[in-house]
Student: 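Below: one structure in structure tokens.
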Amino acid sequence: MTSHKNSRELKPLMTTRRGVLAAGGVAATLLLAACGNSESKEGKQASDSGASDAAPALPSPTQSAAVSVPFDESKPYLEFNPDSEGPVVELLVDYRCPHCKLFAEAQDEDIRELVEKGYITYRVYPRPMLDKRTGLTFSNDTASAVVASWVEDPKLFWDVNEAMFALQPESPEDHTPDTAEVAEAAVKAGASEEVKKAVLDEKYREFVATVEEVGQEREVGTPTVYIDGEEWMGDGEQPGTLKVELVKAIAAKAKK
């Protein structure tokens, strides 16, 4: 798989960054930098593919609901639709990363639609990357909650995923939920008391650590998206942009 240096700025981050910086000052600057974003692309410009770009029509759906893979500790990701004939889409995400939350708000609805209809294989790598920067355990706790919920029932993923982003502080000066609060949020999103216990007991800490190793090996920050092994360099905070590229990739594979 192609590795890319840690130069992950998506174009609209230069605008949304202002609001975050105004709220958090120096601490916000450090946190945003820790997400792996920078003001330069080291000579490589991000794709400016917008939602208005023409995309081919999708072929007929191959299924009516997502097919999930049972939790496997040997694989550092959570996976939907392993047998899809469409592209393999990978997302490296940290629930403390402000850019990841903005990405989710812009792209998750489209991603979920394509997953549910079997158009793509989708792999999620929940990383605890920012804990080293903050000195807290929020990234680990939220990643662990997502994993524990998946172990219980992969159908919980989207609701728990959304719940973890909802916990994200608006600025570094705001209260950061502790482990107990993260565990309780997972329960409110539909998970059981067993999931809560797994989060409190740090049952998946080692697994989440192996996920972080993947991000370190690839030398990327968050959010990072790969389509069939190639890093997507598009405008991740503009709704519809990722779907345009995925529809093109789906249509191309359908012709083969």
Side-chain angles (χ1 to χ4, degrees), residues 1 8 35-36 65-84 86-97 99-130 138-168 182 185-186 189-191 195 198-199 204-218 220-232 236 242-243 246:
M1 183 170 290
R8 283 285 310 138
C35 286
V67 176
S68 55
V69 177
F71 178 66
D72 184 347
E73 290 187 0
S74 69
K75 297 178 179 180
Y77 50 78
L78 309 175
E79 185 176 36
F80 286 109
N81 302 333
D83 298 324
S84 172
V88 176
V89 181
E90 299 175 286
L91 172 67
L92 280 70
V93 60
D94 186 319
Y95 290 96
R96 184 61 186 89
C97 170
H99 302 312
C100 294
K101 183 176 182 178
L102 293 169
F103 175 90
E105 291 171 351
Q107 310 298 341
D108 272 4
E109 183 177 350
D110 289 337
I111 294 173
R112 183 172 185 176
E113 176 189 2
L114 296 176
V115 167
E116 293 291 342
K117 294 181 179 180
Y119 286 122
I120 61 174
T121 294
Y122 188 46
R123 297 173 181 169
V124 180
Y125 297 73
R127 299 176 64 181
M129 179 182 70
L130 291 178
F138 182 81
S139 293
N140 179 81
D141 295 339
T142 48
S144 295
V146 169
V147 174
S149 300
W150 182 282
V151 173
E152 177 171 275
D153 185 353
K155 292 180 180 179
L156 292 169
F157 171 77
W158 297 105
D159 287 341
V160 175
N161 177 72
E162 183 177 356
M164 295 303 102
F165 278 125
L167 290 176
Q168 186 182 112
V182 170
V195 170
V199 176
Y204 297 104
R205 175 177 284 274
E206 290 187 9
F207 173 77
V208 170
T210 65
V211 177
E212 176 55 20
E213 290 175 3
V214 175
Q216 296 296 327
E217 290 170 0
R218 297 186 186 183
V220 295
T222 57
T224 297
V225 176
Y226 293 91
I227 302 175
D228 283 334
E230 293 294 327
E231 186 179 356
W232 180 65
L242 179 58
K243 184 176 181 179
L246 292 180

Student: Please state whether the rings of Y122 and F80 are parallel, tilted or perpendicular, taking 30° and 60° as the class boundaries.
Tutor: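 Ring orientation of Y122 relative to F80: parallel.
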Student: Does any part of the side chain of Y119, heavy atoms only, come nearer than 4.5 Å to the side chain of N81, both counted from C-beta?
Tutor: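 Not touching, per the 4.5 Å side-chain cut-off.
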Student: Less than 4.5 Å apart, any side-chain heavy atom of V69 and any of R123?
Tutor: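 Answer no - side chains too far apart.
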Student: Got T121 and E79 here, is their nearest side-chain heavy-atom distance under 4.5 Å?
Tutor: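 They are in side-chain contact.
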Student: Please step through side-chain contact (heavy atoms from CB on, under 4.5 Å) for the pair T210 and E206, ending with a clear verdict.
Tutor: CA-CA 6 Å; T210 65; E206 290 187 9; 5.8 Å; no
Student: Report, as yes or no, whether the 6.0 Å neighbourhood of atom CD on E105 holds more than 12 heavy atoms from other residues, nucleotides or ligands.
Tutor: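 Enclosed: over 12 neighbouring heavy atoms sit under 6.0 Å from CD of E105.
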Student: Whether E90 and R218 form a salt bridge (side-chain N of Lys/Arg under 4.0 Å from carboxylate O of Asp/Glu) is what I want to check.
Tutor: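 Counted as a salt bridge, because a side-chain N and a carboxylate O are separated by less than 4.0 Å.
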Student: Decide yes or no for V147 and P126: does some side-chain heavy atom of the first lie under 4.5 Å from some side-chain heavy atom of the second?
Tutor: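 Answer yes - side chains close enough.
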Student: Check the pair D110 / L242 against side-chain contact (heavy atoms from CB on, under 4.5 Å), numbers first and verdict last.
Tutor: CA-CA 8 Å; D110 289 337; L242 179 58; over 6 Å; no
Student: Tell me whether the rings of W150 and F157 are parallel (<30°), tilted (30 to 60°) or perpendicular (>60°).
Tutor: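 Ring orientation, 0 to 90° scale: perpendicular.
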Student: Is there a donor-acceptor pair closer than 3.5 Å between any side-chain N or O of E231 and the backbone N or O of Y226?
Tutor: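 No; judged by distance alone, with no hydrogens or angles, the pair does not exist.
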Student: Please say whether more than 12 non-hydrogen atoms of neighbouring residues, nucleotides or ligands are located less than 6.0 Å from CD in E113.
Tutor: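 Check passes, neighbour count above 12.
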Student: Give the C-alpha distance, both sets of side-chain angles, the deciding distance and a yes or no for side-chain hydrogen bond (donor to acceptor under 3.5 Å, both in side chains) between Y95 and N161.
Tutor: CA-CA 8 Å; Y95 290 96; N161 177 72; 2.7 Å; yes
